[in-house]
Number of protein chains: 2
Amino acid sequence: MLLQSDLPLNPSSDDIVGSLRRAILAHRVAPGSKLVEDEVSDVFGVGRSIARTALQALAHEGLVTIIRNRGAFVADPGVREAREVFEARALLEPRTARSAAERATPAAVKLLHKHIAAEHQALQAGDLGKAVYLSGLYHMAIADLADQATIAAMISTLVARSSLIVALYWRRPQALCESHAHHALTDAIAAGDGARAEDLMKGHLVDLLANLDLREKPQVGGSLRDILRQA
Amino acid sequence: MLLQSDLPLNPSSDDIVGSLRRAILAHRVAPGSKLVEDEVSDVFGVGRSIARTALQALAHEGLVTIIRNRGAFVADPGVREAREVFEARALLEPRTARSAAERATPAAVKLLHKHIAAEHQALQAGDLGKAVYLSGLYHMAIADLADQATIAAMISTLVARSSLIVALYWRRPQALCESHAHHALTDAIAAGDGARAEDLMKGHLVDLLANLDLREKPQVGGSLRDILRQA
DNA sequence: TTTTGTAAAATTGTAGACAATCTTGGATTA
DNA sequence: TAATCCAAGATTGTCTACAATTTTACAAAA
C-alpha cells in the first residue's frame with residue numbers, strides 16, 4: 001500500500017487518517033480500492049478498533065465509502081459528484097481568496113511561493129500524484145489565510161475530494177497547465193488586490209472543471225452484481 | 001436525557017445519531033453537557049462500541065466535542081465560531097435559494113408551507129427548542145430543492161450548528177420574528193423568482209445574525225482549570 | 001477554613017473473542 | 001459448457017474485558 005512511514009510507534013487514529021489521506025490524495029491507492037481493516041491495523045501496528053475509527057473518519061470526509069457488512073473502499077466519485085464538488089468550490093473559494101488577499105502578510109505570501117515551488121518540483125520529477133496533492137495544499141493555504149476556520153475546513157474537504165476527481169477524470173496527464181494560474185493568483189494576493197484574486201480564483205476553478213472529461217464513464221471493470229448494487 | 005423513543009429495538013449507530021441530534025438541536029440537552037458512553041449505551045440498549053461510533057459521528061458534524069480521555073460533550077460554540085458559521089451560510093445559502101426557486105415544483109412549495117406551519121405550531125405551543133429545530137428543517141428543505149447534494153450536506157451541518165448557536169446567543173426568547181421571513185421567502189420560491197429568493201435569503205441570514213448577542217461571554221460557570229484547558 | 005495529597009471510583013482507550021455476513025472455490029447438475 | 005448450490009474461508013459487526021487516565025471523595029496539613 002506504499003505508506004511513507006513518518007509515523008510514531010503507537011499511532012493514533014488521527015495519525016492513521018493523515019497517512020491514509022496522503023496516500024489517497026497523491027493517487028498512491030486507486031479510487032475503488034478495498035481497505036481491509038486487518039490490513040490497515042497490521043500496517044500501522046494497532047488493533048482493529050483504531051483502524052476502524054480511522055476509516056470511519058475518512059468516510060465522514062468523503063474520501064472513503066463504507067458499505068455495511070462489505071467494508072471500506074477508497075471513494076470513487078461519479079461525474080455528478082464531480083460537478084457538485086466544483087459547484088461548491090465556486091461558491092466558497094473566490095470570496096475566500098478575496099479575504100486572503102485583503103489580509104495577506106509577506107510571510108504568508110512567501111509560504112504560498114514555497115507551495116508553488118514544491119508543486120513545480122514534483123511535476124519536474126514526474127510525480128503527478130504528488131503534484132496534485134501539493135496543488136491541493138496550495139488552495140488550502142489560501143483558505144487558511146482568510147482566517148475563517150469553518151469555511152477553511154469545508155474547502156479542505158472539497159479540495160481533497162477534488163484530488164480524487166482529478167485522478168479519475170483529468171484529461172491530459174502530462175499538461176502542467178496549473179502553474180500559471182497559481183502564480184497569477186499569488187501575485188494578486190501579494191499585491192493585496194482582493195477583487196483580482198477573487199476573479200482569478202473563479203476563473204481558475206472554471207479552468208479546472210473544463211479540463212475534466214466528465215462524460216459518463218461506462219462502468220469499466222464492474223460485474224453486473226456490482227453495478228446493480230450501486231443503485 | 002429525554003429522548004423520544006421512536007427507535008427500533010436494536011438501533012444502529014445511525015439511529016442513535018439521529019435521536020441525539022434531534023435532542024441537541026431542539027435544546028433538550030444544553031451545550032456543554034457531558035455525554036457519558038455508558039449512559040448512552042444503556043439508554044439505547046446497545047454496547048458501548050455503537051454508542052462510541054455515534055458520538056464520533058456527531059463530533060464530525062460539529063455537534064459534539066470529544067476530548068481525549070475526557071469524553072464527549074455537547075458542542076459549546078464560542079462567539080468566534082458563531083460568526084464563522086453565519087459567514088459560511090452567507091456564502092452558500094443565498095445562491096442555493098436562487099437555484100431552489102428556479103426549479104421548485106408546486107409539490108415542493110407545498111412541503112415548504114408544511115414546514116412553516118409546523119414551526120408556527122411549535123411556537124404556539126411554547127416549545128421554542130422544537131421551533132428552532134423545525135426552522136432548521138425549513139432551511140434544509142430549501143437546500144434539498146436546489147438538487148446539489150454536496151452543498152446541501154454542508155448547509156445541513158451549518159444549520160445544525162446554528163441551532164446550538166441560537167440556544168446560546170439568542171436575544172429574545174419569546175420573539176417570533178422569523179415567521180415573516182420564511183413566508184416571504186417561500187412566496188419568492190413559489191413564484192420562481194430566483195433573484196428575489198436570493199436577496200431574501202441573504203437578508204434573512206443578516207437578520208438572524210443581528211438577533212444574536214455576540215458579546216464575549218464571561219466564562220460563566222467555569223473553574224480556572226476549565227478555562228485554562230480550553231487553550 | 002483553605003489547601004494539598006492520596007486512594008477509590010468512574011470513565012475512556014484498546015485489544016481481542018465471538019457472532020453475523022459476505023466471498024470464494026469447487027462439486028454437482030442440467 | 002454453463003448454471004447452480006453449498007461449504008470453507010475471509011471479513012465485518014458487536015460485545016466485553018482489561019489497561020490507562022481522569023475525576024471524586026476524603027483525610028491531613030497549613
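Residue numbering restarts at 1 for every chain, and letters A, B, ... go by the order of the sequence lines.
Here C:dG13 presents its C1' atom at 13 Å from CD1 of A:Ile16, a figure rounded to the nearest Å. Here the P atom of nucleotide C:dT14 and the CG atom of A:Asp14 are 10 Å apart, to the nearest Å. Distance, A:Ile67 CD1 to C:dC22 C1': 12 Å, rounded to whole Å. One can place CG of B:Asn69 at 9 Å from P of D:dT23, the figure rounded to the nearest angstrom. The CG-C1' distance, from A:Asn10 to C:dT14, rounds to 10 Å in whole Å. Nucleotide C:dT12 holds its P atom 10 Å from the CD1 atom of B:Ile66, rounded to whole Å. Rounding to whole angstrom units, CD of residue A:Glu37 and C1' of C:dC22 are separated by 14 Å. Between B:Leu35 atom CG and C:dT12 atom P there is a gap of 10 Å when expressed in whole angstrom units.
When atom types are taken as modelled, the side chain of A:Ser156 and the backbone of A:Ala152 share no donor-acceptor pair closer than 3.5 angstrom. Proximity of a side-chain donor or acceptor of B:Tyr138 to a complementary backbone N or O of B:His182 within less than 3.5 Å is detected. Between the A:Ser33 side chain and the A:Val29 main chain, no donor and acceptor come within less than 3.5 Å of each other.
The side chain of B:Lys34 contributes an N or O atom lying less than 4.0 Å from OP1 or OP2 of C:dT12. B:Arg70 has a side-chain polar atom (N or O) that falls below the 4.0 Å cut-off from OP1 or OP2 of D:dT23.
Among the protein residues, A:Arg68 comes within range of the sugar-phosphate backbone only, with heavy atoms under 4.0 Å from sugar or phosphate atoms but none that close to a base.
Using a 4.0 Å cut-off between a side-chain N of Lys or Arg and a carboxylate O of Asp or Glu, B:Arg80 and B:Glu84 qualify as a salt bridge. Remark: B:Glu61 engages B:Arg21 in a salt bridge, criterion side-chain N to carboxylate O under 4.0 Å. Here A:Asp14 does not pair with B:Arg68 in a salt bridge; the nearest charged N to carboxylate O distance is not below 4.0 Å.
Picking from C:dA15, C:dT14, D:dT12 the nucleotide with the shortest atom distance to the side chain of A:Ser49 gives C:dA15. If you check D:dC15, C:dT14, C:dT12 against the side chain of B:Asp38, the one that comes closest is C:dT12. Of the candidates D:dT14, C:dT14, D:dT11, C:dT14 carries the atom nearest the B:Arg52 side chain, counting heavy atoms from C-beta on.
Shown here for B:Ala72 and B:Ile66, the closest heavy-atom pair between the two residues is CB-CG1, 4.0 Å.
Taken together, the paired segments of DNA chain C that extend over three or more consecutive Watson-Crick or G-U pairs, each closer than 3.5 Å at both contacts, are C:1-30 with D:1-30.
For C:dG13, the base has a donor-acceptor partner in the side chain of B:Arg48 [N/O atoms by modelled type, under 3.5 angstrom].
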